[in-house]
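The block underneath contains the structure these notes are about, expressed in structure tokens.
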Amino acid sequence: MSPVNSEALFERAKKVAPGGVHSPVRSFKGLDRCPVFFKSAQGAYLTSVEDKKYIDFCQSFGPLILGHLDEEVKEKVHSMVDTAWTFGAAEIYSLDLAEWITSRVPFVEKLRFTSSGTEAVMSTLRVARAATGRKKILKFEGCYHGHLDALLVKAGSGLAGVAAASSAGITPETALQTLTLPLDNEEMLHELFAREGHEIAAVIIEPLPANYGLLIQRPEFLQTVAAVAKKYGTLLIFDEVISGFRVARGGMAQILDIVPDLVTYGKIIGGGFPVGCYGGRLDLMNLVAPLGPVYQAGTLSGNPIGMVAGLETLKKMERLDGWNVLNARTEKFVKKLNANFNQMNNGLIVDQFASLFWIRKNNSNSQPLRALESISPEQAPLFKNLFLKSLDAGLYLAPNAYEVGFASMAHSDEIFNQTIQIITEASKI
Ligand SMILES: *Cc1c(COP(=O)(O)O)cnc(C)c1O
């Protein structure tokens, strides 16, 4: 019998799946290392097939705000598994979660559950086009919105605003319907809207861009995006798949006090199960089938296991004042880490917002980066070194230089302190 180890499993996996994985970042591409194959998880820890235990600051890229296998969530999931797996019919579980969300986030007047963040985003674009009768969508470089064709675009080489496909298999016609702008640039925003604002159905933005590093925006920039959209009759979509119910109960919309027309959620609202959601203004959501003409559906949408896991996660966060507790712990952790980096003068810095953090090359002024083009070309090699040394020492960070870290309620002070030691040691030059 062949030994069970990550190398052997990766060889098998590469034969049956592209790159051996079912989502690209999992493959450790560019890190010159075989991905670790895991077999179990608990709290802040992952256990590999080699029986090595890792502190996990990836947390499945964000959904697990309580950590792996939280006891209370687990109890709800077990009881749901014993009750029903899926109905494909009207049921009470999605109703409970929908009522919880709409009662906590006032601008979400109605919502629809999907099975992923991508589907939720895709559906908002359809609603926006139906509502406005316009074709174009505006997105920002450095924001990720899932893998739908319309938003897998990057800045084109020609006219400002014109996009090109960022993936093979997307038609130029599709890419041309999406405009792109850099973040943090009011001037280009005003120019683009003056030129074609009346053709733009929606502007979509991650109010906390956290998929290409952590690009914390000036509130004034986001306020300007909202104001300009309003002026031109363009709908504002906040993609809060990563920030929703993580940075605060009401997400970035609450922190910024900006009311988007539509919002998308995912990750945390499924408590670790596949759930997405879009919602917002009543008149817009009333356009969705079966009430209105915008078709959108899903065989497993509102899956009861995800619904109860998500609801218990959110209720527990509320009960524990989880957002304040977790944000304070993460801030303390990042401060200590930055103090160490500073003392070592190792050229690294950690940016933090709520329970998200990003270790990056410090480009001397120590200000958080706000736009994609500010990221240092040294980011990837620096991260690779840090990542591999940390991994060997038992710390699992998201395996990519542009992915952020996610803290969870399962990360105790002791675990945070151990992590500081590991990262400090790994980042010595
Ligand atoms: C993760 C993410 C998505 C995509 O969600 P999936 O569930 O992976 O399809 C969309 N937008 C943002 C901001 C995300 O972080």
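Every number for a ligand or one of its atoms is a count from 1 in the order of the listing.
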[X]: numbered ligand 1 atoms lying under 4.0 Å from its heavy atoms:
X: S116; result: 7 (O), 9 (O)
X: N211; result: 12 (C), 13 (C), 14 (C), 15 (O)
X: I242; result: 15 (O)
X: Y144; result: 11 (N), 12 (C), 13 (C)

- Has K267 got any heavy atom lying under 4.0 angstrom from an atom of ligand 1?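 Yes, K267 has heavy atoms under 4.0 Å from ligand 1.
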
- Message: Would you say the ring centers of F38 and Y396 fall short of 6.0 Å from each other?
- Response: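 Under 6.0 Å, so yes.
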
- Are F61 and F406 close enough that their ring centres sit under 6.0 Å apart?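 They do not qualify: ring centres at least 6.0 Å apart.
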
- Message: Please list the nearest protein heavy atom to atom 3 (C) of ligand 1 with its residue and the distance rounded to 0.1 Å.
- Response: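 The closest heavy atom on the protein side is V241 CG1, 3.7 Å.
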
- Task: Could you tell me the residue and atom name of the protein heavy atom closest to atom 10 (C) of ligand 1, and the distance to it rounded to 0.1 Å?
- Result: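 Minimum-distance protein heavy atom for atom 10 (C) of ligand 1 reads H145 C, 3.4 Å.
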
- Query: Quick check: does G117 get an N/O under 3.5 Å from an N/O on ligand 1?
  - Reply: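 Indeed, backbone or side chain, G117 has an N or O that close.
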
- Message: Pairs of nitrogen or oxygen atoms closer than 3.5 Å, one from T118 and one from ligand 1: do any exist?
- Response: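 Yes.
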
Any Lys/Arg nitrogen of [X] or [Y] sitting under 4.0 Å from an Asp/Glu carboxylate oxygen of the other?
X: E71; Y: K74; answer: yes
X: R249; Y: E318; answer: yes
X: R319; Y: E72; answer: yes

- When you measure from the side chain of Q352 to the backbone N and O of V350, does any donor-acceptor pair fall under 3.5 Å?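 No, the answer is negative, given that no donor and acceptor are paired below the 3.5 Å cut-off.
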
- Would you check if there is a donor-acceptor pair between the side chains of N324 and D321 at a distance under 3.5 Å?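 Judged by distance alone, the side chains do pair up.
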
- Say whether Y278 and Q296, considering side chains only, have a donor N or O and an acceptor N or O under 3.5 Å apart.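 A pair is found: one side chain offers a donor N or O, the other an acceptor, under 3.5 Å apart.
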
- Message: Please classify the E206 to ligand 1 contact at 4.0 Å (heavy-atom distances, strictly less than): side chain, backbone, both or neither.
- Response: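 E206 to ligand 1: side-chain contact only, backbone stays beyond 4.0 Å.
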
- Taking the minimum heavy-atom distance to atom 13 (C) of ligand 1, which of D239, T264, V275 ranks first?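 The option holding the nearest heavy atom is D239.
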
